[in-house]
Structures are given as C-alpha cells and as structure tokens.
J.: 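Take this structure, written in structure tokens, and hold onto it; I'll ask about it next.
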Amino acid sequence: MKNFLQSLLDLWKQLGLNQRVSLVVAAVAVVGGLAGVVLWSQRPDFQLLYAGLGEKDAASVIGYLESQNIPHQVTAGGSAVQVPADKVYKLRMDLASKGLPSGEGVGFEIFDKGQFGLSDFVQRTNYLRAVQGELARTITQLQGVRAARVMIVQPENRLLLTEQGVKSTASVFVDLGGGRLELDQVNAIRHLVANAVQGLAPDQVAVVDNHGRTLSEELKQDPTLGTASSQMHYREQVEDYLAKKVETMLAAVIGPGNAVVRVSADIETEATTMTSEKFNPDGQVVRSQTQTEDTTNSSESRATGGATGVSANVPEKTQGVAEAAHPVNVSEQDRKSRTTSYEIDKTTTSVTRNPGTVKNVTAAVFIAPRMVTPPLPADAPKGAPAPEPQPQKRTPQELDALRQVVVNALGLRAAPGQALDSLVSLQELPFQGVVGLPGQIDAAQGETRLQSWFGVASRWAAVVGAALVLLVFWRLFSRQKPEPVPMEVLSYTPETVNRQMANTASVTPELLNELIRQKPANVGVALRDWVSAGAANGVPAGKN
C-alpha cells in the first residue's frame with residue numbers, strides 16, 4: 001500500500017500544472033457524478049397513487065399525506081399524486097376508509113343548498129348532473145376502473161311529441177389504464193345505469209374504454225337472433241355450458257385435467273308460428289233453434305131478402321126463410337215450423353316457436369389413460385423406490401359406461417336403431433401435455449416480481465456504469481507518460497550543463513523561460529535531475 005501511494009505521489013510530481021488541473025477537475029466531476037448517482041439511487045421510488053383528481057380531492061389527499069409526513073409528488077398539473085412504491089396500496093386503503101377521493105363530478109349534494117327562483121329546465125339539468133355524478137362514482141368503485149364518466153340523454157318531457165320513438169340513451173366511458181374488464185363487469189355497468197334512469201334499457205347503454213373499444217357491443221340482446229354475431233354468441237354460450245357440465249362431472253371420476261370435451265349444438269334461428277284446426281263430427285252441439293207457428297181463421301155470411309108483411313112477423317116462417325136466404329162460410333188454417341242449427345266441435349291450436357331452441361347436440365370426448373403403479377418385484381431390495389406409474393387402457397365396457405354417462409348428462413335421446421357412437425364420440429388417447437402443473441405462479445405475482453427486479457437493477461446500473469467509467473479513465477491516465485522533447489538542453493549531462501552555466505552563458509534565463517513555457521513537465525524533470533546530480537557532485541544548489 002505504501003509503494004502504491006509513493007508511486008501515486010511520484011506520478012503527481014511528474015505532472016505539469018495543466019495536467020494537475022485537468023486531473024483535479026476530472027476527479028471532482030467523477031466524484032460529484034458518483035455522489036449524484038448514489039443520492040438518486042437512494043431516493044424513494046415514486047408510483048402513482050391517484051390520477052385525474054379534482055381540485056377538492058387533490059387538496060384532501062395532499063393534506064392527509066402531509067399530516068402523516070409521507071413524501072409525495074404532485075404531477076399532471078395538480079391532478080395526479082405520486083407516493084413511494086411500498087406505500088401505495090396501504091395509502092389507498094387508508095384514504096378509502098376516509099372516503100377519499102370522493103370521485104369526479106357532482107352528486108346529489110348539488111341540492112344541499114336551497115336554490116330558489118330556478119326554472120324547471122335548470123332543475124331538471126341539475127338532477128341529470130347529479131345522477132351522472134353518482135353513477136360515475138359508483139362505477140369507479142369497480143375493480144380495474146380508474147375513472148369513469150357517464151352521459152345520459154333523455155327526451156324532453158312535452159305534451160306534444162313530434163317523434164314518438166325517441167328513447168333514453170346513455171354512454172359510459174371507463175379509464176382502465178392498461179387492464180381489461182370482464183363481460184360480467186361490463187354487463188353490471190349496463191344494468192346499473194339502466195336501472196338508475198327511468199325508461200332506459202340495458203341495450204341502450206354503450207360502454208367504451210380508454211383504448212377506444214366498445215365493450216358493450218357483444219352484450220346486446222337480439223330477441224329474434226337476427227344477426228350472425230348474436231347467433232354465434234348464443235351458440236358459444238350453449239356449447240360452453242354443456243362442455244363444462246360434462247368436464248366437471250368426468251373430473252370427479254377420472255381426475256382433473258384428464259378429460260377434454262367439445263360440444264356442437266344445432267340451434268334453431270328462425271321464429272315460426274303454426275295454427276291448426278280440428279273438427280269432431282261426433283261432438284255436435286245445438287247452437288240455435290227457431291220455431292214458427294202460423295194459425296188462420298176465416299168466416300163469411302150473405303143475406304138475399306126476407307118476408308114482408310104479416311109473414312115476416314111469424315117466427316116459424318121467419319126462421320125458415322132466414323136459413324134459406326142467409327148462407328155462412330167458415331175456414332180455419334193452423335201451420336207450425338221449427339229450424340235447428342248445430343255447431344260441430346272444433347279445436348284451434350296456435351304454436352309459436354322462438355329462436356334459440358336446441359335441435360341437435362353432438363359431443364367429442366377425449367380421456368387420458370389411467371395411471372397404474374405396478375407392484376414391486378419379489379426380489380426387489382428393501383427400501384427400493386416404487387416404480388413409476390404406467391398408463392393402462394380401459395376396457396370397452398368401461399368406455400361404454402362413460403359414454404352412457406355423457407349421453408345422460410347432455411340429455412340426448414337416440415332414435416330407434418341409432419347407435420350412441422353417432423351422438424357421443426369417446427376415445428381414450430394419451431395426452432401430450434401435462435395439465436394443471438402444481439406450483440404454478442400467478443401471472444400477476446410474476447409480473448410484480450419482475451418489476452421489482454427491474455427497479456433494483458435500474459438503481460445500481462448507474463453506479464456500476466460510473467465505476468466502469470472511472471476505472472477506464474484511471475487506466476488511460478496511468479498509461480500516459482511525458483513525451484520527450486529533443487531539445488539541446490535536455491541532451492546535456494548534468495555535469496556539462498553545470499560547467500556551461502558556470503563558465504559560459506550558453507543557457508540563459510530567457511532560454512529556460514522559453515523551455516518552461518513550451519514543455520513545463522520535461523523542464524521540471526530535467527531541473528530536478530540537474531539539482532540532484534549537482535548535489536551529488538558537490539555543486540551548491542544555489543548555483544544550479
């Protein structure tokens with residue numbers, strides 16, 4: 001160590017003024033750079049706590065951080081707050097317990113203060129703003145949603161409407177960062193907004209994310225299955241449900257991951273209406289009955305003359321004459337009619353079949369051979385490891401039993417004379433991959449661990465880079481040597497120089513000054529050699 005320091009000291013003495021200044025400046029720059037890198041690496045790693053905060057929410061969050069003496073940074077014009085990475089999740093829980101942040105927009109607190117003299121239009125607008133703000137706050141509470149905005153459009157409430165078909169609509173914008181929402185979450189948002197607005201249907205709610213994707217397009221219900229996308233989506237749902245139903249059942253028998261089931265369903269996509277009428281001639285019923293009765297009575301009498309005088313007053317003569325002179329005609333008629341109408345028994349049947357009926361189902365099932373551990377040989381030593389399990393195929397009876405189980409689970413009915421193989425294809429084949437490896441690391445945990453490694457590497461990368469630069473600079477500097485200058489004074493020996501300085505004036509002060517200005521390092525070395533050589537020869541140092 002002492003020799004190393006002595007060599008450094010000798011090297012320092014050999015350097016000129018300009019080289020010493022350059023070395024000092026470079027050393028100060030390197031040391032300052034290293035100090036800056038070390039300070040930068042020791043500063044906390046800030047991550048985003050909340051973004052898109054309003055002024056009120058940002059002030060509340062910053063006030064809480066300052067009260068807890070937690071370092072923080074405010075970015076994005078005051079709408080984003082960053083804190084150390086190891087405190088992000090704890091601070092979010094603490095702030096959530098205090099109701100911070102409260103969310104974007106205004107809610108029903110807009111009606112907390114009495115507002116008199118406002119028109120009906122302003123009141124309805126304030127109510128719509130309040131509903132939109134409350135819905136946005138609620139949607140923000142969903143997992144994976146960083147921010148949300150809701151826009152609702154309702155038709156005007158007028159007595160005379162020119163357009164009767166105008167309906168309420170709504171649009172929801174969600175900021176997911178770099179994540180995605182599941183279909184169940186998107187469907188929950190649609191129903192949440194639809195149930196909060198009068199006259200709004202879930203199909204009239206559009207959900208859009210910050211990547212420009214329309215998340216609600218696949219969830220629109222088409223009652224007639226008129227579009228191909230609706231038909232395919234419904235078919236996929238039916239097939240996935242049936243396949244999962246069979247797989248979970250087989251997993252309990254042959255083990256998880258040992259069965260692969262695919263189901264093909266034939267779906268009815270047309271709406272049909274059938275009407276039929278059936279008549280029963282034996283089932284006659286009297287519908288109406290009409291009865292008519294007609295009776296006619298007629299009589300006629302006529303007088304031709306009579307007796308006069310005394311004979312007319314005689315009763316006996318008068319009666320005979322009257323009978324002879326006055327004839328009488330009498331007629332009677334009686335007619336009856338009855339009309340009866342019968343109704344034949346008729347049955348009318350009307351059947352309407354909506355689309356979506358499953359007409360036919362077929363399935364393909366692959367199962368893995370069961371693994372059986374063979375017994376140890378009789379001559380195997382004690383404590384020998386058990387042999388590895390070997391695949392063993394199932395018997396045809398076992399395969400038929402499994403096929404029958406699948407058929408019953410799917411609710412299939414074979415036609416007379418139809419084999420079960422045409423409905424369910426079941427084969428036993430060895431699988432190429434291993435399903436369900438134990439000890440798999442969750443993707444989110446792996447990504448978090450990788451990010452932590454990158455953070456540690458970024459901290460020490462600058463320090464290692466600065467150390468490498470300093471090492472290269474030091475090696476280059478140690479290899480640098482003073483360049484010899486072929487000057488006449490340097491070619492003289494110390495004795496010759498001393499003799500010439502004592503006897504002649506060949507080396508003048510002007511010459512030495514010029515040499516010092518041109519090559520101060522070489523002249524300094526030569527002067528030290530001359531002084532040391534003169535002292536060794538007994539020449540006084542003052543004369544040198």
J.: Is a side-chain donor or acceptor of D209 paired with a backbone partner of G212 at a separation under 3.5 angstrom?
T.: yes

J.: Within a strict 4.5 Å, meaning less than it, do heavy atoms of the K359 and I267 side chains meet?
T.: no

J.: Indicate yes or no for a side-chain donor-acceptor contact from E217 to the backbone of T214 under 3.5 Å, with no hydrogens or angles considered.
T.: no

J.: Distance check, rounded to the nearest 0.5 Å: R394 atom CZ versus L402 atom CG?
T.: 6.5 Å

J.: Between CG of N280 and OG1 of T347, what distance do you get to the nearest 0.5 Å?
T.: 7.5 Å

J.: How far apart are the closest heavy atoms of A196 and V131, and which atoms are they?
T.: O-CG1, 4.4 Å

J.: Between NE2 of H211 and CG of D175, what distance do you get to the nearest 0.5 Å?
T.: 8.0 Å

J.: Does the side chain to side chain contact (heavy atoms under 4.5 Å, CB included) test come out yes or no for T272 and N354, once each step is laid out?
T.: CA-CA 7 Å; T272 58; N354 293 324; over 6 Å; no

J.: With a 4.5 Å heavy-atom cut-off, do L49 and V61 have their side chains touching?
T.: yes

J.: Under a 4.5 Å cut-off applied to non-hydrogen side-chain atoms, are V263 and V261 in contact?
T.: yes

J.: When you compare the side chain of F431 with that of V260, does any pair of heavy atoms fall below 4.5 Å?
T.: yes

J.: Examine distances only and state if a side-chain atom of Q185 and a backbone atom of L142 form a donor-acceptor pair shorter than 3.5 Å.
T.: no

J.: Minimum heavy-atom separation for V372 and Q392, please, with both atom names.
T.: CG2-OE1, 2.8 Å

J.: Taking atom CG of L48 and atom CD of Q82, what is their separation to the nearest 0.5 Å?
T.: 6.0 Å

J.: If you measure from OG on S216 to CG on L181, what distance do you get to the nearest 0.5 Å?
T.: 11.5 Å

J.: Got a donor-acceptor contact below 3.5 angstrom from the Y234 side chain to the G356 backbone?
T.: yes

J.: Look only at the side chain of E239 and the backbone of A265, and say whether a donor-acceptor pair between them is shorter than 3.5 Å.
T.: yes

J.: Decide yes or no for D266 and V361: does some side-chain heavy atom of the first lie under 4.5 Å from some side-chain heavy atom of the second?
T.: no

J.: Please check this pair: side chain of K245 against backbone of A409, looking for a donor-acceptor N/O pair closer than 3.5 Å.
T.: yes

J.: Is any side-chain heavy atom of S425 closer than 4.5 Å to a side-chain heavy atom of Q427?
T.: yes

J.: Within a strict 4.5 Å, meaning less than it, do heavy atoms of the F173 and V150 side chains meet?
T.: no

J.: In Å and rounded to the nearest 0.5 Å, what is the CG to CZ distance from L200 to R190?
T.: 10.0 Å

J.: For the side chain of H191 and the backbone of I189, is there at least one donor-acceptor N/O pair under 3.5 Å apart?
T.: no

J.: Just wondering, do E247 and R262 contact through their side chains at under 4.5 Å, heavy atoms?
T.: yes

J.: Could you tell me whether R180 atom CZ has more than 12 heavy atoms of other residues or ligands within 6.0 Å of it?
T.: no

J.: Under the side chain to side chain contact (heavy atoms under 4.5 Å, CB included) rule, what do V238 and D240 come out as? Steps first, then yes or no, please.
T.: CA-CA 6 Å; V238 173; D240 292 343; over 6 Å; no

J.: Can you confirm whether E277 is buried at CD, in the sense that more than 12 heavy atoms of other residues, nucleotides or ligands lie under 6.0 Å from that atom?
T.: yes

J.: Does L399 form a side chain to side chain contact (heavy atoms under 4.5 Å, CB included) with E428? I'd like the steps, not just the answer.
T.: CA-CA 8 Å; L399 295 179; E428 184 180 16; 4.1 Å; yes

J.: Under 3.5 Å, is there a donor-acceptor pair between the D400 and Q404 side chains?
T.: no

J.: Heavy atoms only: give me the nearest S168-Q204 pair and the separation to one decimal.
T.: O-CB, 3.6 Å

J.: Counting only heavy atoms from other residues, nucleotides and ligands, does the tally under 6.0 Å from NZ of K393 exceed 12?
T.: yes

J.: Assess the residue pair Q154 and V197 against the criterion (side chain to side chain contact (heavy atoms under 4.5 Å, CB included)); give the C-alpha distance rounded to whole Å, side-chain angles, the decisive distance to 0.1 Å, and a yes or no.
T.: CA-CA 9 Å; Q154 287 185 313; V197 180; 3.2 Å; yes

J.: Determine, for D94 against K90, whether the closest basic-nitrogen to carboxylate-oxygen distance falls under 4.0 angstrom.
T.: yes

